[in-house]
Amino acid sequence: MFRSTTGISVIKSSCAGLGLLLTATLSLNAQAQVVSFNGSLGAKSALLLIDGEPRTVPVGETVRGVKLLSLADAQAVVEIKGRRVNLVLGASPGRVGDGAAAANTGRKIVLSSGHGGHFTTVGNINGHSTQFLVDTGATAISISQSEAERMGLRYREGRRTMTQTANGIIPAYALMLDTVRIGDVEVRGIEAIVVPSQMSHVLLGNSFLTRFQMKRDNDVLTLDLRY
């Protein structure tokens, strides 16, 4: 387990309750309304981001013109102005209706905190799916050796180094990742380290986070790509 200056440690969490926002956009009165599925609270309510505002919406109820029709298997079906939209955690942005513009333009990531105030999301490294945990105290993206092997990363060809963990200083491999992608936001050439420690998530450290302008508003974290 890693220890960071922010006090964030690796935890196990349910992807069904957290994760990346899938964005669906509808043209409403010549103005697009953005609805994102951020997670489920049990089987009866969904956490939706409606025009940037997090709202808890029970199945069958309508909030700000968005009605939650059903919720199952990390998918939420909503209805807006008579149109149905299927929202899926971790999928690419959806588009519904003529003239609708996707909310995610490839430069913004929006996450909400889950258990313990941690921000987690699904994404991929070099095209391989994985789970991330935001850790502002980690210098670089940190990957367990077993996860690196599962993704086929050739980390042993990287530079040998040492890193500090809760169990002391341990050997690690430093390497450059070709791509790190969350939703439709992709960043290239990101430094990472691979360590023998077991971790439930890949730590999304500052080698990735410093590429973004970070803003936290209560339980919502927004990352805007700088360059």
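All values below were derived from every heavy atom in this structure, side-chain atoms included, with hydrogens, water molecules and symmetry-related copies excluded.
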Worksheet item: Mind checking whether Leu69 and Val59 have side chains closer than 4.5 Å, heavy atoms only?
Response: no
Discussion item. Quick check against the 3.5 Å criterion: does Ser129 have a side-chain atom that pairs as donor or acceptor with the backbone of Asn124?
Written reply: no
Worksheet item: Would you say Asp224's side chain and Lys108's backbone share a donor-acceptor pair under 3.5 angstrom?
Response: no
Worksheet item: Distance-only, no hydrogens or angles: does the His201 side chain make a donor-acceptor pair with backbone N or O of Leu133 under 3.5 Å?
Response: no
Discussion item. Between Asn206 (side chain only) and Ala140 (backbone N and O only), is there a donor and an acceptor less than 3.5 Å apart?
Written reply: no
Discussion item. Test your reading of the model: is there a side-chain donor-acceptor pair from Arg188 to the backbone of Asp178, 3.5 Å cut-off?
Written reply: no
Worksheet, complete the sentence: Separation between CD (Gln131) and OG1 (Thr121), nearest 0.5 Å, reads 9.0 Å
Worksheet item: Are any non-hydrogen side-chain atoms of Lys44 and Pro58 less than 4.5 angstrom apart?
Response: no
Worksheet entry | All side-chain contact (heavy atoms from CB on, under 4.5 Å) counterparts of Thr161, not counting sequence neighbours | Arg159, Ala172, Ala174
Fill in: Over all atoms of both residues, closest heavy-atom pair of Arg107 and Val185
N-CG2, 3.8 Å
Practice prompt. Give the C-alpha distance, both sets of side-chain angles, the deciding distance and a yes or no for side-chain contact (heavy atoms from CB on, under 4.5 Å) between Ile182 and Phe208.
Written response: CA-CA 11 Å; Ile182 298 177; Phe208 179 86; 4.1 Å; yes
Discussion item. With a 4.5 Å cut-off on side-chain heavy atoms, are Leu221 and Val134 touching?
Written reply: yes
Worksheet, complete the sentence: Smallest heavy-atom separation, Leu223 atom then Leu209 atom, equals CD1-CD2, 4.2 Å
Discussion item. In the structure I gave you, are the side-chain heavy atoms of Leu153 and Leu177 within less than 4.5 Å of one another anywhere?
Written reply: yes
Worksheet item: Are His118 and Ser113 close enough, and set up right, to give a side-chain contact (heavy atoms from CB on, under 4.5 Å), and what steps lead you there?
Response: CA-CA 5 Å; His118 300 277; Ser113 64; over 6 Å; no
Item to complete: Taking the side chain as every heavy atom from C-beta outward, state whether Gln213 and Arg226 have any atom pair closer than 4.5 Å.
Response: yes
Worksheet entry | Between CD on residue Gln145 and OG on residue Ser197, distance to nearest 0.5 Å | 9.5 Å
Fill in: Nearest atoms (heavy-atom pairs only) where Leu71 meets Ala76
CD1-CB, 3.9 Å
Fill in: Interatomic spacing from OG in Ser142 to CE in Met199 - rounded to 0.5 Å
5.5 Å
Practice prompt. Check whether any side-chain heavy atom of Arg211 sits under 4.5 Å from a side-chain heavy atom of Leu225, and report yes or no.
Written response: yes
Discussion item. Salt bridge check, Lys67 against Glu79: does any charged N sit closer than 4.0 Å to a carboxylate O?
Written reply: no
Practice prompt. Can you measure from OG1 (Thr179) to CD1 (Ile190) and round to the nearest 0.5 angstrom?
Written response: 9.5 Å
Item to complete: Tell me, with the steps shown, if Phe212 and Val187 meet side-chain contact (heavy atoms from CB on, under 4.5 Å).
Response: CA-CA 10 Å; Phe212 296 82; Val187 182; 3.8 Å; yes
Discussion item. Applying a strict under-4.5 Å side-chain criterion to I, L, V, M, F, W and Y, I'd like to know whether Val77 and Leu68 cluster together.
Written reply: no
Worksheet item: Hey, does Val122 have a side-chain heavy atom less than 4.5 Å from the side chain of Phe132?
Response: no
Worksheet item: Same cluster for Ile170 and Ile193 if Ile/Leu/Val/Met/Phe/Trp/Tyr side chains link at under 4.5 Å?
Response: yes
Item to complete: Check the pair Arg181 / Ile125 against side-chain contact (heavy atoms from CB on, under 4.5 Å), numbers first and verdict last.
Response: CA-CA 6 Å; Arg181 186 179 183 89; Ile125 292 175; over 6 Å; no
Discussion item. So does Glu147 get a backbone contact from the side chain of Ser144, meaning a donor-acceptor N/O pair under 3.5 Å?
Written reply: yes
Response to the item:
Rounding to 0.5 Å, atoms OG1 (Thr163) and CD1 (Ile169) come to a distance of 8.5 Å
Fill in: Met176 reachable from Tyr173 in the ILVMFWY side-chain graph, under 4.5 Å edges
no
Discussion item. With a 4.5 Å cut-off on side-chain heavy atoms, are Ile143 and Val195 touching?
Written reply: no
Worksheet item: Can you tell me how far the OG1 atom of Thr136 sits from the CZ atom of Phe119, to the nearest 0.5 Å?
Response: 10.0 Å
Worksheet item: Does the Ser207 side chain pair with the main chain of Glu191, one donor and one acceptor, at a distance under 3.5 Å?
Response: yes
Item to complete: Using atom types as modelled and distance alone, determine if a side-chain donor or acceptor of Arg216 lies under 3.5 Å from a backbone N or O of Asn218.
Response: yes
Worksheet item: Taking atom CZ of Arg150 as the centre, does the number of heavy atoms from other residues, nucleotides or ligands within less than 6.0 Å exceed 12?
Response: yes
